Amino acid sequence: MTSFEPEIVAFCCRHCAYSAADLAGGGRISYSPSVKIVELPCTGRANALEILHAMEKGADGVVVAGCLPGTCHYIKGNTQAKHRVTHLRELLKTIGLEEHRTRMVNISAAMGAQFVVEITNFVETIKELGPSPLSGETSNTRTEGQS
Amino acid sequence: MIVAEQKPLNEIKSMLKGCKKVLAVGCGTCVTVCFAGGRQEVGVLSASLRMSTDLDGDVVNVDEAIVQRQCEAEYNAPLEAGLDEYDAILSLGCGVGVQSLAQQFPEKRVLPALNTKFMGYPAEHGVWEERCQGCGNCVLHLTGGICPVSRCAKSLFNGPCGGSQAGICEVDATTECAWHLICENQLKLGLFDEMMEVQPAKDWSSARDGGHRRIIREDVRIPDEEKA
Amino acid sequence: MSTMKYPAFTMPESNARPMSERCDSNLTRLLAADEFVVTGELGPPKGHDAEEVRKKARMLLGSVDAANVTDNQAAVVRMSSIAAGLIMMNEGVEPIIQMTCRDRNRLAMQADLLGAYALGIRNLLCLSGDHQSHGNHPGAKNVHDLDSMQFLRMVSDMREEGKFQCGEEISGGGLQLLVGGAANPFADPAEWRPYRLAKKGIAGADFVQTQLVYDMECFREYMKRVVDMGVAEQVKIIVGVGPLKSAGMAKFMRDRIPGMTVPDATIERMAGAVAGIDTEKKAERSAAWKAEGIKICIEQIQEMREIEGIAGVHIMAIEWEEAVKPIAEAAGLLPRPIMEV
Ligand code: SF4
Ligand code: SF4
């Protein structure tokens, strides 16, 4: 296989992983350039729909990075995110995708190096899985009607 | 509220056989509250279907829409304009919602994405329990506010059967015996004497047994001559 | 167990006719004469072989006054209780037809009762029925048009007023059926159980048969409450007993069957019965267990005869019908009196 650089979306909590990513950047610890970081106020905000949409649009993997267990600023956001990711993996299987294309990781704001390790790890996993079988061009989303 | 849950993805996929483009329509009322057919669920199901059918090599384009109350025609009316391009409507409403769409858009196939389960109560986040079967002749005043028709596996009217054990129903180890609860409530309310009255055979004609049911309220109804 | 107190209750006065006038079955006559009655139980086959019914009936013949014929027991399809009851009757054993609310609505119940009556069947046991989810057709729709109390009331009205449940007259007059119900002294809420038995009497039960009793201590307490309420004067109480087949069965009943209590002492006694017998000698162990089971059952019956308010015993030995005779015999209940009209 020629050099496959997976498209990764990382949903990062502002209070930990996002700062850790910053720290890594500031410290010039490098990681895969194709990781797109999306800042969230808390991983409790990450839901199945957003992760699925990322996959649908062609992401090869989606990682949700939240605070260490017990340190969520909103008390339970990270555990809820973990719960959701676990269930989403089941849905991915039903859809016909590999469950390992999504994962939850826990990092503190001070763990810049650890962030890079986790991300690199995930990138490796996705590289092993290969590109997502989805073309990324199926979506024809239209929202209408009232709510 | 009406409680429903989504059908398995594969069952929905097999309903969509032959469709190239469908419109998934959620409902903003009961099924939103029970996380079965609200905006979020419409999104997840639609994305799942698009991705899954794409992987199967026979992609179905699924567009998304939501209406506030699918069981009322007025709310569904705006959908009509764009319907031509769809082979079918996939409803994430309850059974009533599905039928409303089917009645309103008779030239379209309307497919149910949910299994409508019961009229229920959210016992805890993520847990719903049946509370009423719409028997048409409520007896809750006699049963301590606990419905024996829907909550007792045998719809008994005269006290707990011989299978009640430690407050649990003989039918299922995770279900409370409704009549055990009724006993306790009647005692608490000082109404135990009522439990010793033999409740006569129920007239089920007010329930589904009496045939298709309809309520006509002349006080609310708009007279024919005014309708035009 | 509930901490709430149940209010005192006394059985209201009954204006029912004397027992002897209600029905002309052998069982009725014996109950009316205050004989200590013996009833048995026959499970119809999961097929259509009449000979299987006859064989079981012959094992019970002479040892019981009447025998229950179960109605799709445990929600498993079997030969109809009315048909099997007729076959049994032809062998000389008086049937007590069981009927559940699970499988029939009020139309089917009444129609079948007319038919059963026309065929000469006179004793009926009205049951709610085990839920179909435990049987062999868990996808079946259940009926529960009536509950067992309403069923009792309907049949008692069919007899006393000669009317169908809707109020129309039965042509040819009332069905002179002896009507019974079931009682489980050990189900919960425990305090409710004597009240439920009383309520069955109010609804029209002439007799009740209880669930299998092993725990004599609990049962005595229950009977005391029942007698104090004045129920035993109006409802004939026939107590369920049955021989244990093995220590394992005793444990299974204690741990797995809802509403069944088997005291530890009984289990120990069963376990002790095979002491010294090699575990490899299966036949020998089984024989020892069965002998002990029969012995315990006999002792229990003798104790029952001393308890106030008990009208007889219901010996349940399903798929072990041959045990009934030796039990009845050793308990001093044979020969059974026959009371001709
Ligand atoms: S008694 Fe009938 S109307 Fe009342 S809650 Fe139960 S099913 Fe509903
Ligand atoms: S155990 Fe309780 S809830 Fe279950 S069937 Fe019996 S009375 Fe009804």
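Basis for what follows: all heavy atoms, side chains included, without hydrogens, waters or symmetry-related copies. Source: prediction; values computed, not measured.
With a threshold of 4.5 angstrom between heavy atoms, C/Asn105 does not approach chain B through any atom at all. Contacts of B/Pro160 with chain C are made by both backbone and side-chain atoms, with heavy-atom separations under 4.5 Å. For C/His134, the part lying under 4.5 angstrom from a heavy atom of chain B is the side chain only. Heavy atoms closer than 4.5 Å to chain C are found in the backbone of B/Lys202, but not in its side chain. Heavy-atom distances place the side chain of B/Phe192, and not its backbone, under 4.5 Å from chain C. For B/Asp172, no part lies near chain C; criterion is any non-hydrogen pair under 4.5 Å. Using a 4.5 Å cut-off between heavy atoms, C/Gln211 does not touch chain B at all. For C/Arg102, no part lies near chain B; criterion is any non-hydrogen pair under 4.5 Å. If you measure heavy-atom distances from C/Phe186 to chain B, the contacts under 4.5 Å come from the backbone alone.
Across all their heavy atoms, C/Tyr214 and C/Thr261 have their closest contact at CB-O, 3.7 Å. Of all non-hydrogen atoms in B/Leu187 and C/Pro7, the two that sit nearest each other are CD2-CD, 3.9 Å.
By number of non-hydrogen pairs under 4.5 angstrom with chain B, the leading residue of C/Arg153, C/Arg196, C/Gln165 is C/Arg196. Put simply, of C/Arg106, C/Met154, C/Met260, the one with the most heavy-atom pairs under 4.5 Å next to chain B is C/Arg106. The candidate from B/Met195, B/Glu197, B/Lys188 with the greatest count of non-hydrogen atom pairs under 4.5 Å with chain C is B/Met195.
Taking 4.5 Å as the limit, every side-chain heavy atom of C/Val235 sits out of range of all side-chain heavy atoms of C/Lys200.
Remark: the backbone N or O of C/Gly312 is not paired with any side-chain donor or acceptor of C/Lys236 at under 3.5 angstrom. B/Ser164 places a side-chain N or O within 3.5 Å of a backbone atom of C/Asp188 that can act as its donor or acceptor partner. The backbone N or O of B/Cys135 lies less than 3.5 Å from a partner atom in the side chain of B/Ser206, making a donor-acceptor pair.
Defined by atom type and a distance below 3.5 Å, a donor-acceptor pair is missing between the side-chain atoms of B/Asn137 and B/Asp203. Using modelled atom types and a 3.5 Å distance limit, the side chains of C/His314 and C/Glu41 yield a donor-acceptor pair.
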